[in-house]
Amino acid sequence: MINRNLIRSIILTTLVYTAFTGCVTKQGLIKKTQGNYDISITKSNSNGDPFFYGVIKEYKTNDPLNGGIIKIDNKIINKVNNAGKFEFNIKSGRHTFTSMLMGYYILKSENIKVFNGDTIKIDFYLKPDTTTKLIEPKINR
């Protein structure tokens with residue numbers, strides 16, 4: 001026999017929990033040849049602009065990389081701080097996020113749809129670019 005009060009209690013608890021904590025969409029680790037990125041989106045009932053944050057890390061060591069740049073839809077938005085971290089608000093809509101740092105491959109996310117109230121966390125794991133060589137100029141003395 002089904003205990004209807006127990007089922008109602010479970011459903012109500014689940015609805016209340018979801019309303020207060022929001023809903024998390026974790027797409028997980030996305031692997032690309034230039035590196036990986038780990039993304040999760042937390043939904044809320046807020047009407048504010050989506051909030052975007054994360055860290056740029058070295059692919060093998062997971063050490064934070066400073067001096068990087070974050071682009072959204074091919075527009076430079078933010079420079080990464082000394083701890084490899086970034087954060088800022090964006091507009092709702094479909095966006096592609098790109099992480100760049102000299103000496104590393106450029107890493108671009110898939111096109112992601114975000115809504116007002118979303119919190120988007122992306123950690124980029126960049127691989128060193130071994131194909132680019134620095135050429136020192138010759139100095140005539």
Side-chain angles (χ1 to χ4, degrees), residues 1-140:
M1 187 175 267
I2 299 174
N3 185 338
R4 291 178 189 227
N5 287 335
L6 178 61
I7 293 174
R8 285 185 190 137
S9 177
I10 291 171
I11 291 172
L12 182 60
T13 302
T14 303
L15 290 173
V16 169
Y17 178 78
T18 303
F20 282 108
T21 61
C23 179
V24 176
T25 303
K26 182 159 179 66
Q27 294 183 1
L29 190 65
I30 310 296
K31 295 182 179 184
K32 297 199 156 223
T33 56
Q34 306 87 350
N36 301 332
Y37 64 92
D38 191 15
I39 181 169
S40 63
I41 301 172
T42 304
K43 308 275 184 194
S44 78
N45 294 331
S46 166
N47 286 327
D49 285 339
F51 180 68
F52 177 74
Y53 75 102
V55 179
I56 297 178
K57 297 179 180 183
E58 204 281 330
Y59 180 77
K60 288 184 180 177
T61 65
N62 285 334
D63 291 335
L65 297 171
N66 62 359
I69 294 173
I70 298 296
K71 290 172 52 176
I72 296 181
D73 305 325
N74 295 318
K75 180 180 176 189
I76 294 175
I77 298 296
N78 199 333
K79 292 184 179 177
V80 177
N81 71 14
N82 289 338
K85 296 180 180 179
F86 54 88
E87 62 179 44
F88 47 89
N89 288 83
I90 60 176
K91 298 292 181 192
S92 62
R94 289 200 160 277
H95 299 289
T96 303
F97 304 98
T98 305
S99 174
M100 303 169 56
L101 179 61
M102 185 180 290
Y104 291 85
Y105 285 106
I106 295 170
L107 184 58
K108 192 173 190 178
S109 77
E110 304 299 323
N111 197 306
I112 300 165
K113 186 162 184 154
V114 295
F115 300 92
N116 283 347
D118 284 356
T119 299
I120 304 96
K121 180 180 188 309
I122 299 183
D123 291 335
F124 291 97
Y125 301 89
L126 302 183
K127 288 184 178 179
D129 182 354
T130 57
T131 62
T132 303
K133 295 185 177 24
L134 294 175
I135 300 173
E136 294 184 34
K138 292 183 179 181
I139 300 175
N140 294 328

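With rounding to the nearest 0.5 Å, the separation of CD1 in Ile90 from NZ in Lys75 is 12.0 Å. Taken to the nearest 0.5 Å, the CZ atom of Phe124 stands 5.0 Å off from the CD1 atom of Ile70. Atoms CE and CG, on Met102 and Asp129 in that order, are 11.0 Å from each other to the nearest 0.5 Å. For the atom pair CD1 (Ile41) and CD1 (Ile120), the distance works out to 6.0 Å, reported to the nearest 0.5 Å. Distance check, rounded to the nearest 0.5 Å: CG of Asn116 to NZ of Lys91 gives 8.5 Å. Here the CD1-CD1 distance, from Ile76 to Ile69, works out to 4.5 Å after rounding to the nearest 0.5 Å.
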Could you please spell out the steps behind the side-chain contact (heavy atoms from CB on, under 4.5 Å) verdict for Asp73 and His95?
-> CA-CA 6 Å; Asp73 305 325; His95 299 289; 2.7 Å; yes
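Nearest heavy atoms, Pro64 versus Ala83: CB-O, 3.0 Å. When all heavy atoms of Leu101 and Asn66 are compared, the closest pair comes out as CD1-O, 3.6 Å. The heavy-atom pair separating Lys108 from Tyr37 by the smallest distance is O-CE2, 4.0 Å.
Ring geometry, Tyr53 versus Phe51: the interplanar angle falls under 30°, so the pair is classed parallel (tilted spans 30 to 60°). Aromatic ring pairs are classed by plane angle as parallel below 30°, tilted from 30° to 60° and perpendicular above 60°; the pair Phe52 and Phe88 is tilted.
Using a 4.5 Å heavy-atom cutoff, the side chains of Thr131 and Tyr105 are in contact. For the pair Ile72 and Phe97, the minimum side-chain heavy-atom distance is below 4.5 Å. Between Lys43 and Asp118, some side-chain heavy-atom pair lies under the 4.5 Å cut-off. Leu126 is listed as a side-chain neighbour of Ser99, based on a closest heavy-atom distance under 4.5 Å. Put simply, the side chain of Tyr125 does not reach to within 4.5 Å of the side chain of Lys31, judged on heavy atoms.
Around CG of Asn82, the count of heavy atoms belonging to other residues, nucleotides or ligands within 6.0 Å does not exceed 12. Counting heavy atoms of neighbouring residues, nucleotides and ligands inside a 6.0 Å radius, atom NZ of Lys121 exceeds 12 of them. Taking a 6.0 Å sphere around NZ of Lys32, one finds it holds more than 12 heavy atoms contributed by other residues, nucleotides or ligands.
Of the candidates Asn81, Asp38, Val80, Asp123, Asp123 is the only one forming a side-chain contact (heavy atoms from CB on, under 4.5 Å) with Val55.
Ion pairing between Asp63 and Lys57 fails under the 4.0 Å rule for side-chain N and carboxylate O.
The side-chain tip of Lys127 points at the ring of Tyr59 from less than 6.0 angstrom away and within 45° of straight on.
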